[in-house]
Amino acid sequence: QVQLVESGGGLVQAGGSLRLSCAASGSIFSINGMGWYRQAPGKRRELVASITSGGNTNYADSVQGRFTISRDNAKNTVYLQMNSLKPEDTAGYYCHTEAVVDTTPRIGGDYWGQGTQVTVSS
């Protein structure tokens with residue numbers, strides 16, 4: 001149906017930057033919202049940032065002003081530019097999308113990527 005493939009995670013020092021990418025593929029009729037969540041060990045998964053098909057964005061207070069979410073609708077891809085990274089940003093980052101698959105009948109659903117690890121050292 002819909003597959004999400006993330007890339008761009010890694011190890012970075014505090015104050016550094018990383019850019020995550022997530023490409024959606026499969027039998028896609030349309031993609032609505034796209035976003036990034038993160039989950040640290042022992043903690044609940046939390047929303048980091050989201051973006052609608054029209055480009056409206058929403059950010060967690062903890063990343064406001066440091067992270068920027070964007071998307072390329074032609075490529076079904078969402079990005080997360082992360083600047084001024086802090087050790088508390090260390091987590092697995094997961095891409096999420098609300099998509100309608102091109103089946104008969106067309107069905108909407110939530111899809112998740114496999115996650116990419118971001119580790120920020122102090």
Side-chain angles (χ1 to χ4, degrees):
Q1 293 187 335
V2 179
Q3 296 80 42
L4 299 176
V5 178
E6 300 130 331
S7 61
L11 173 64
V12 65
Q13 290 187 333
S17 299
L18 284 174
R19 187 185 192 221
L20 305 184
S21 300
C22 172
S25 63
S27 301
I28 299 170
F29 174 74
S30 64
I31 292 182
N32 300 318
M34 301 187 82
W36 291 93
Y37 288 70
R38 67 185 181 188
Q39 187 169 20
K43 294 188 176 182
R44 298 177 60 181
R45 187 171 295 190
E46 62 175 0
L47 175 68
V48 177
S50 63
I51 185 168
T52 67
S53 57
N56 293 319
T57 59
N58 180 52
Y59 295 93
D61 290 342
S62 59
V63 307
Q64 184 77 44
R66 300 187 298 122
F67 291 10
T68 302
I69 190 170
S70 61
R71 65 189 283 174
D72 184 333
N73 291 331
K75 296 181 179 180
N76 290 334
T77 299
V78 63
Y79 306 96
L80 185 68
Q81 178 66 44
M82 305 185 293
N83 299 329
S84 302
L85 283 161
K86 304 176 181 179
E88 50 263 44
D89 293 319
T90 295
Y93 282 70
Y94 297 86
C95 177
H96 169 264
T97 187
E98 303 160 349
V100 177
V101 295
D102 194 11
T103 54
T104 304
R106 295 191 177 112
I107 300 173
D110 292 287
Y111 298 90
W112 293 89
Q114 79 287 353
T116 185
Q117 180 67 32
V118 171
T119 303
V120 184
S121 63
S122 57

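Quick note: numbers below take in every heavy atom, side chains included, and nothing from hydrogens, waters or symmetry partners. Just so it is clear, the structure is predicted and the values come from calculations on it, not from any experiment.
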- Task: Determine the interplanar angle of the Trp112 and Tyr94 rings, folded into 0 to 90°, and report it as parallel if under 30°, tilted if 30 to 60°, perpendicular if over 60°.
- Result: perpendicular
- Linking I/L/V/M/F/W/Y whenever their side-chain heavy atoms sit closer than 4.5 Å, directly or via other members, would Leu20 and Val5 fall into one cluster? no
- Query: Using a distance-only test with no angle check, is there a side-chain donor-acceptor pair under 3.5 angstrom linking Asn32 and Ser53?
  - Reply: no
- Message: Using the rule given for side-chain contact (heavy atoms from CB on, under 4.5 Å), can you reason through Glu6 versus Cys22, listing the C-alpha separation, both sets of side-chain angles and the distance that settles it, and then say yes or no?
- Response: CA-CA 4 Å; Glu6 300 130 331; Cys22 172; 4.2 Å; yes
Validation row: [X], [Y] side chains within 4.5 angstrom (heavy atoms):
X	Y	answer
Leu18	Phe67	no
Met82	Arg66	no
Cys95	Val78	yes
Thr68	Tyr79	no
Arg38	Val63	yes

- Query: What are the two closest non-hydrogen atoms of Ala99 and Val2, and how far apart are they?
  - Reply: CB-CG2, 4.2 Å
- Message: Restricting to non-hydrogen atoms, name the atom on Gln81 and the atom on Ser17 that form the minimum distance, rounded to 0.1 Å.
- Response: NE2-CB, 4.0 Å
- Query: Under the 3.5 angstrom rule, does the side chain of Arg106 hit a backbone N or O of Phe29 as a donor-acceptor pair?
  - Reply: no
- Message: One pair to check against side-chain contact (heavy atoms from CB on, under 4.5 Å): Ile31 and Tyr111. What are the steps and the verdict?
- Response: CA-CA 11 Å; Ile31 292 182; Tyr111 298 90; over 6 Å; no
- Query: Taking atom CG of Asp102 and atom OG of Ser27, what is their separation to the nearest 0.5 Å?
  - Reply: 7.0 Å
- Message: One pair to check against side-chain contact (heavy atoms from CB on, under 4.5 Å): Gln117 and Thr90. What are the steps and the verdict?
- Response: CA-CA 8 Å; Gln117 180 67 32; Thr90 295; 4.0 Å; yes
